[in-house]
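Reading through the structure tokens given below for one structure.
Sequence lines set the chain letters: A, B, ... in the order given, protein chains first and strands last, and positions in each chain run from 1.
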Amino acid sequence: MSRYTSATPADRDEMLAAIGVGSVEELFAQVPEPLRLGRPLDLPAGMSEAEVYERLAELAARNADCEEQVSFLGAGMYDHYVPAIVDAITQRSEFLTPYTPYQPEISQGGLQAMFEFQTAMSELTALPVATAGLYEGPSSVASAAYLAIGATKGRRRFVVSRGVHPHSRETLATYATGFGATIEEVGLEGGLTDAAELADAVDGDTAAVILQNPNFLGAVEDVEALGAAAKRNGALLVVAVDPMTLGVLRPPGECGADIALGEGQPLGNRLDFGGPSFGFFCGTEALIRKMPGRIAGETDDVDGRRGFVLALQTREQHIRREKATHNICTAQALNALAATIHLAWLGREGFRELGELLVRRTAYARERLATVPGVELLHDAPVARELALRLDAPMGAVLDRCAERGIAAGYPLGREYPEYEDGLLVAITERRTKAQIDDLAEALGPVIQAEAGDLVANSATKSPGGA
Amino acid sequence: MSRYTSATPADRDEMLAAIGVGSVEELFAQVPEPLRLGRPLDLPAGMSEAEVYERLAELAARNADCEEQVSFLGAGMYDHYVPAIVDAITQRSEFLTPYTPYQPEISQGGLQAMFEFQTAMSELTALPVATAGLYEGPSSVASAAYLAIGATKGRRRFVVSRGVHPHSRETLATYATGFGATIEEVGLEGGLTDAAELADAVDGDTAAVILQNPNFLGAVEDVEALGAAAKRNGALLVVAVDPMTLGVLRPPGECGADIALGEGQPLGNRLDFGGPSFGFFCGTEALIRKMPGRIAGETDDVDGRRGFVLALQTREQHIRREKATHNICTAQALNALAATIHLAWLGREGFRELGELLVRRTAYARERLATVPGVELLHDAPVARELALRLDAPMGAVLDRCAERGIAAGYPLGREYPEYEDGLLVAITERRTKAQIDDLAEALGPVIQAEAGDLVANSATKSPGGA
Amino acid sequence: MLAETPMQRERAETIFEKSKPGRRAAVLPEAEVPEPTLEELIPAKLLRSEPPRLPEIAEPEIVRHYNRLSRRNFDLDSGFYPLGSCTMKHNPRLNERIAALPGHARLHPAQDPKRAQGALELMWLLQRSLAEICGLPHVSLQPSAGSHGELGGLLLTRAFHADRGEARHKVLAPDTSHGTNPASVTMAGYEIVKVATDERGGVEMDDLRAKVDDDVACLMLTNPNTLGLFDENIAEIAGLIHQVGGTLYYDGANLNAVMGQSRPGDMGFDIVHVNLHKSFSQPHGGGGPGAGPIAVSDRIEPFLPRPQVVRRESGNGSGPHFDLDHERPKSIGRLRGFQGNFGVFVRSYAYILSLGADGLAEASETAVLNANYLKARLAGGRAGTHLPIAFDRHCMHEFVLSGKPMKKELGVATLDLAKRLLDFGFHPPTVYFPLLVEEALMVEPTETETKESLDAFAEAIEQILAEAEADPEKAKSAPYTTPVRRLDEVKATRRPVVRQSLGG
Amino acid sequence: MLAETPMQRERAETIFEKSKPGRRAAVLPEAEVPEPTLEELIPAKLLRSEPPRLPEIAEPEIVRHYNRLSRRNFDLDSGFYPLGSCTMKHNPRLNERIAALPGHARLHPAQDPKRAQGALELMWLLQRSLAEICGLPHVSLQPSAGSHGELGGLLLTRAFHADRGEARHKVLAPDTSHGTNPASVTMAGYEIVKVATDERGGVEMDDLRAKVDDDVACLMLTNPNTLGLFDENIAEIAGLIHQVGGTLYYDGANLNAVMGQSRPGDMGFDIVHVNLHKSFSQPHGGGGPGAGPIAVSDRIEPFLPRPQVVRRESGNGSGPHFDLDHERPKSIGRLRGFQGNFGVFVRSYAYILSLGADGLAEASETAVLNANYLKARLAGGRAGTHLPIAFDRHCMHEFVLSGKPMKKELGVATLDLAKRLLDFGFHPPTVYFPLLVEEALMVEPTETETKESLDAFAEAIEQILAEAEADPEKAKSAPYTTPVRRLDEVKATRRPVVRQSLGG
Ligand SMILES: Cc1ncc(COP(=O)(O)O)c(C=O)c1O
Ligand SMILES: Cc1ncc(COP(=O)(O)O)c(C=O)c1O
């Protein structure tokens, strides 16, 4: 017996007698002797609750989190404020502990929440069909590509902007070996997807054109214009979006997107060092029977009461097996619920206001940071909530020095964009105050100067940047 | 409209029309004009949720809490580990947000929890009747005194050991001016209540003899022996107990106590800088109709289902008004629930084991600390979870130096016991590991040496202390 | 058709009855130290022979037990809870989050003030905020609830008079006063003298004048009073009491009506208690915790409980710091241990910061609007006939109806109506209080309710009354759908069973 | 008598339907910066004209909405949930507490590894722990769930073969396999080949032999399999697959049967996924989140996803440090963004620390004991007749019954039995899976259930069958007491309504 099990010695005796064996050992006889471990696992002994807490609190304390640092890290996950009601509700046992609502009569809470989530995501993206969610952002891009193969009767070529999150492109590449598909990347020009190159790249074998908006460099793309090439060639237009910008940016459904998807973390989810969060996945009516994952649908019970069920299950692995539209089973229901609550809390006006706040603070940050000697803008395309800079000093050293001052200055672009070795992505949320942005600017100046020596002298007199 | 109110301008108009007034202003007309404030309150403007959080998190960070310090502070409240299920359950809306169960049909959760709490406290104290709880420890002592006046037909004299928590004695003194009662204090001898002095002090006018066990200096009293004087004189024997010791110490009900009470914080409640916690209050059958506060009782519904109600309400202010046994109304139901859950979690064996752990670690701490040069035992009476030392150095400076090392060394006795100006009370919980006790010992030595100079030289060679 | 609801089918079983020897949830850390027998450390006669019979049960079943139990409660987060006098307003979860920060939750109360500056500053800020809201300059946060504040206020009055060499014996309070008022009066060693209520629901001035003399220590008043009505004569009342040297005590239970609108201090009150669990959103917890800070005038200040949170200017120019002041020679002393219900202070201060000056004023406005709207809704239809308003004027944040005609004409008592409301998913109003009103029903919707909830409640009342006109038995046998149905309260008091029997 | 339960009476209304223009819950901070129009910052054609129609509703009603909604769910913290294959074991709240620490919850995934040492160490420790439990030396934590792990494992297989210059096309899996297995096979670009099951419930060896050839990339197996039976021929099976150069994939959904008892690596498996939301107590969240780490043998290691958490010895003697290794030239690449479902890792590692070596072994033992006991209970009485066990031998942690006789003799299908169980307050077992068993009922009690719960479940089945013998309609029209009754699933799929209509 541990603290979580209840079989007392007396229980065990009664149970073994009922089974008709003398020991639990006998039940394990079906495991051939050579395969029995025959020794304790080489793991520490169990610990008391307080000790486990202390041990892991100690490890947690060795991380520099956003409670401790002022963080301008983004790159797909953002330090938004998660309202207290999100935790309060998602921690309720009734939402936390059941599994997928296979028995709808006793799962109306979860099913209705899914239905509400779908409605909210459909509203955000301006696409009529939303699923109940996938694992997270990048793998959702790969899932869209998989769908596109089927929707284009087997085309196996994807044209992808380099403005799409590097993790998404890497994940797509991984999956594509399974799909037997090829990927063509289209470069960026002035922070934006090169429209001409894109138009050239799309052909009649192209299953999907994949864009991101705002793109990884923070720039707001003209999705509709870029998407024309897809339309012309009968390819799907797939757009990854940052949901937090959809209060102000034109939604993908109005730009011709067939599929809009994205990383859901900014909506009510913790940073959690990268997960769990969720991926949202929306599409046109035409695609509804090709969609991956759960979809809640409305119906009635035998007495005529409104109710909700898992709809269109014939798409899914547990029914269709190898013919399923996707292999996903356990997804991210609780994370999607968090998003739904967060969106209800923000509400129609609050969501728009938040989008505006991000745009304005980001504009301020861009202007302010561009005045710092040794800093220039990586591009001057319009931005919504994240901006890209170039620093005239070694990136690693600059970030370390900022960290010493309690600031996580941003995401270094170098690893994933060798062409922007000196690039820094700076993210803004409603938690990043004007004062914190000013602090970053004031920290960056001396830090760059110290690291770059007199390199910066000649740029010290330049005027505020921007468009 | 704020985030918590819902009356839109349209709602207001409709509502005002229904009321038949033109403005909310008119409704306030009953407040005579000169008494209308006529200006905004001189308070800051409202803040967003994130800002309130940041602001108060900032204040919180300016406190040295037990997550940050290794704390040997006790003196009635203790840094026990509160199991996670306590928070999870007490934060459920169903327990968190209702009020007193005046409508029992829709309050069975709270009422049954009270009944379980009463059962647990009755078991702990070995007294048959437990109430659903009072505010906290010290005021419960005053409440017992109030009860004793009634139970002894108006005697108005209390004999109180100086081993009773100073806050309890002070609170009793405050209340006693209202009761028109007098208090006689009995001193301590070798850490224990002076039995002879006590016997002398008790007379036929004495309403109650009030003891604490373990007493404020951590010493385990012989309650039965001390209580004999009360029995002889027809006074009530009131014993304040530390509930965490009741797995190992003889319970007050077996020592002749008429009333056992105490500070409930150690049971499942946070430190919270002193509150909210709860006071428990148990007594003999004879006293049941004189008890203060809520009592849940078992009964049946019209169909014969078992249920619970607030019993014996005729004792209470809302029924009996000036003749009530007490004035308490809103009490500490949620805190009592936390205790109930904690006790269920500890369980019969765990509760005993925890008591034993405390006794053994405290014994170790006493032995270990007594070997530190400049430290000696303030008394050598048996102790259970807290021990008293004398330090050969200025107390304030020693505590500050320990704090610099991340240790809250204990509670200085000087303010409340001028006779122990050099006294330090050191509390042990299951969270204080052997290593932490050793750290305290290792910190104290040099700190005392530094603060006391050569004063300590002559005690440096003494042997381990104890009985 | 159903014989019972699922909850009714589930019969109550206590956690003690679910116990089975040998089971456990807690695993304790190793002792790590020598483990002598306990008898080697503490004399055997002081030791317990058998541990208390706490439940033996593993964690999963503890969680299930309390989860299931919780669902047998109605709560504010599920529905309308217009429990008059209790101000069942929304409890923001933000406040719970902030209270749970280790800097609050794990701060030891005996921490040296030097190392608890954040906590003391918060308390000081709350004191200042409450002082501004109450219009009185000094605040003690110590009392644990309203009734504790009342007792404190009366002891302050006693100390105030004693300091002037006076011993007074009487405390006046209207017949509408809350039960804690007279109970506190008794505990504080005074004699209660009831003052009548006039036909507008205020203090009957002639009766008051007749009872005011220099043996009167204090007048305790709730304003708006428990009828939800503002006493328009308050200035005159204050004058009368002050004339004879008495103090005027404000029972702040109804402060939610006047925040940012009118201040007890400006009305002439000397001592005010504030129920943080009412106007300032501390969750009620099924009957606490709460807190009952008291705000007082200059003349009462010297007597405030010890210790008091103070702000001190540092001599060295390093800015102010905060401390606990124990050196208060005229203080009445402590009312409890340590510094009060700090966790409640955190929540209420978070609430004040959230709403700010405007938000608090708006909360009171909306509370008054909601109450008057619901009153207007209930003045029409069947409620107007069977459940008339006790005092027909605009109310403040609550109002009181009388079920007397309903009882007389339909044979349905206020209690029956309340029980029937349970079937409709509402928490009933406060019933049978204030005592002055026969078959009273005291309705306080609070500002955080929607118009839709108020409408639904009014419609439920209408429906219940219609049903009662047709068949009064319906209400008299209600409720039908609650986890248990009407309970035998007499039995529980006659032959009290107040703990689980464990045999032996 | 009741027409409806209180929950049935409460008709479903979505949060969108509760919206009223002008209401709001969120108050945002001031911008603090210049506030040009948006058009000055972003070209108008890229801007949205109308905000999305999110609900407009104040906080109290949001809380009420989701609280009430929550009560329309059955959950593990309320009752027995023997959903076969899903391992609905107790979810310790300790793990939630630890996951919520800011050092975990507010740690940005792009934090420099130097400043995320605690998180990386935790991940490394979890990798080591899972490696030991699985008996395979290397672990990637990246996959987000079991099916994601399957896909990853198959892509590893593909990379492994490609690295040897081979291109294989077939993946074998028994007909009892979970739906995700074949679905993953298709996504990974392979063709699925089903292998039959023998009369003892294991892989039919002749069929397997017939299908094994050098075009077989992999055999996917669950062991114990979805019948709850350990495949005694596993060593021989492994030999057959390895002989033709295929990999052996272990679907770890049933690992809860063998923790500390037997290890997939020792059975000959090359790749194992572990569902942390099953054996390692991550709460199921109504359908996630979970995590599906994969453990692999040395020969598969080079291909593991990027980045990998590694421990490095510091050259300077300052002890080891932890890092993310991106330099993995043979890696299949990323399966997702960042480092995986870290919050799940925290919970599962807390669980492993809590139980330790002995506790994990005991958990599996008790899971097997509970399953066999319940199986024995159901072998007697009416269940024995109407619901016989599909393969009559000792089971591991779960077992499968067949409702075929019940359907034939009583006209009551497994679905009907499941629905009737709802009225008894139980979550039904998994139904109609595995496909091999007609009218299957797959029962997994888990180790955290009490004997009392198992007994009560067996008694409910007995009672339902007795009732069905008397009147099969009772079950066929069930449930009666749930918030809604049997729902029209066909309608939901024929004319799907998948979002709230908002007009316009
Ligand atoms: C009018 C009135 N006065 C006093 C009190 C007592 O306050 P508390 O319950 O906080 O002790 C109450 C609360 O119930 C009340 O309604
Ligand atoms: C046997 C089996 N295999 C695979 C899976 C898929 O795991 P997941 O839901 O984590 O993707 C499941 C879970 O439902 C399962 O039961």
Side-chain angles (χ1 to χ4, degrees), chain A residues 2 6 15 30 40-41 43 45-46 59-60 62-67 73 89 93-94 97-100 105-106 108-110 119 123 135 138-139 167 170 174 178 270 272-276 297-299 301 306-307 311 317-318 321-322 324 327 330-334 345 348 350 352 364 382 434, chain D residues 12 24-26 32-33 42 51-52 54 66 69-70 72-77 101-103 105-109 115 118 144-145 147 179 182-184 188-189 192 230 283-290 333-334 336-338 341-343 356-357 359 373 376 450 482 484-485 488 492 497 499-500:
Chain A
S2 75
S6 288
M15 292 163 83
Q30 59 193 300
L41 287 167
L43 293 173
L59 280 183
R62 278 192 249 150
N63 302 319
D65 59 62
C66 296
E67 196 94 1
L73 285 166
I89 295 168
S93 296
E94 292 87 339
T97 69
Y99 193 37
T100 305
E105 298 86 355
I106 52 165
Q108 287 298 297
T119 307
E123 280 294 317
Y135 300 134
S139 56
H167 293 178
E170 289 176 44
T174 305
R270 303 166 173 173
D272 269 345
F273 201 44
E298 186 177 327
T299 189
D301 81 355
R306 183 187 192 187
Q317 47 74 26
H318 64 285
R321 302 181 64 86
E322 63 271 20
N327 71 337
T330 298
Q332 311 285 136
L334 196 68
W345 182 81
R348 181 181 169 115
R352 183 184 53 73
Y364 173 77
K434 175 175 177 296
Chain D
R24 64 186 308 155
E32 302 176 321
V33 299
I42 297 174
L54 293 171
Y66 289 105
L69 217 50
S70 77
R72 298 170 88 84
N73 272 354
F74 182 94
D75 72 301
L76 179 59
D77 279 359
L101 289 170
R106 290 193 67 195
L107 179 59
H108 194 281
R115 289 179 277 278
S144 306
S147 71
S184 299
I192 183 84
F230 195 91
H284 279 89
R334 284 189 168 276
R336 52 162 292 160
F338 297 111
N341 282 344
F342 176 77
Y373 173 69
T450 60
T482 47
V484 294
R485 298 185 52 218
D488 187 347
V497 175
R499 56 156 292 175
Q500 177 68 51

Pick whichever of D:Ala25, D:Ala376, D:Gly286 has the most heavy-atom pairs under 4.5 Å with chain A.
D:Gly286
Closest approach of A:Gln332 to D:Pro289 (non-hydrogen atoms, all atoms of both residues)
NE2-CB, 3.3 Å
Below 4.5 Å, heavy-atom pairs only: which of A:Gly350, A:Ala311, A:Ala64, A:Gly110 has the largest tally toward chain D?
A:Ala64
Between D:Phe74 and A:Pro98, what is the shortest heavy-atom contact and its length?
O-CB, 3.3 Å
Heavy-atom pairs under 4.5 Å with chain A: which of D:Ser147, D:Gly359, D:Ala492 has the most?
D:Ser147
Choice from A:Leu43, A:Ile89, A:Leu59, A:Asn63 maximising heavy atom contacts with chain D below 4.5 Å:
A:Asn63
Looking at D:Gly356, D:Ser70, D:Pro51, which one has more heavy-atom pairs under 4.5 Å with chain A than the rest?
D:Ser70
Looking at A:Ala45, A:Pro138, A:Pro382, A:Ala331, which has the largest count of heavy-atom pairs under 4.5 Å with chain D?
A:Ala331
For A:Ala324, is it the side chain, the backbone, both or neither that has a heavy atom under 4.5 Å from a heavy atom of chain D?
side chain
Among D:Pro102, D:Gly189, D:Gly285, D:Ser144, which has the most heavy-atom pairs under 4.5 Å with chain A?
D:Gly285
Salt bridge (Lys or Arg N to Asp or Glu O under 4.0 Å) with A:Glu123: which residues, sequence neighbours excluded?
D:Arg53, D:Arg499
Which heavy-atom pair separates A:Asn327 from D:Ser184 by the least distance, and what is that distance?
ND2-OG, 2.8 Å
Can you tell which part of A:Leu73 gets under 4.5 Å to a heavy atom of chain D, answering side chain, backbone, both or neither?
both
What residue in A:Thr330, A:Ile106, A:Leu334 has the most heavy-atom pairs under 4.5 Å with chain D?
A:Ile106
Under the side-chain contact (heavy atoms from CB on, under 4.5 Å) rule, what do A:Gln108 and D:Thr482 come out as? Steps first, then yes or no, please.
CA-CA 10 Å; A:Gln108 287 298 297; D:Thr482 47; over 6 Å; no
Can you tell me if A:Thr119 uses its side chain to pair, donor with acceptor, with the backbone of D:Gln500 under 3.5 Å?
yes
Using only heavy-atom distances, determine whether the side chains of A:Thr97 and D:Asp75 contain a donor-acceptor pair under 3.5 Å.
yes
Just so I understand: if I count every heavy-atom pair under 4.5 Å between each of D:Gly103, D:Gly343, D:Ala12, D:Pro109 and chain A, which residue has the most?
D:Pro109
Looking only at atom types and distance, does a side-chain atom of A:His318 sit under 3.5 Å from a main-chain N or O of D:Gly179, one as donor and one as acceptor?
no
Max heavy-atom pair count under 4.5 Å with chain D, selected residue of A:Gly297, A:Ala60, A:Gly307, A:Ser139
A:Ala60
Taken in chain and number order and not counting sequence neighbours, the residues that satisfy salt bridge (Lys or Arg N to Asp or Glu O under 4.0 Å) with D:Arg106 are A:Glu67, A:Asp79
List the atom of D:Val33, the atom of A:Tyr364, and the distance in Å for their closest heavy-atom pair.
CG1-CG, 3.5 Å
By a 4.5 Å heavy-atom criterion (distance strictly below it), what part of A:Tyr99 contacts chain D: side chain, backbone, both, or neither?
both
Of the listed D:Leu69, D:Asp77, D:Asp488, the one with the largest count of heavy-atom pairs under 4.5 Å with chain A is D:Leu69
Sort out for me which of A:Glu105, A:Arg270, A:Glu322, A:Glu170 touches chain D most, counting heavy-atom pairs under 4.5 Å.
A:Glu105
Which answer fits D:Ile42, side chain, backbone, both or neither, if we ask what part of it has an atom under 4.5 Å from a heavy atom of chain A?
both
Inspect the contact between A:Lys434 and D:Glu32 and indicate whether a charged nitrogen and a carboxylate oxygen are less than 4.0 angstrom apart.
no
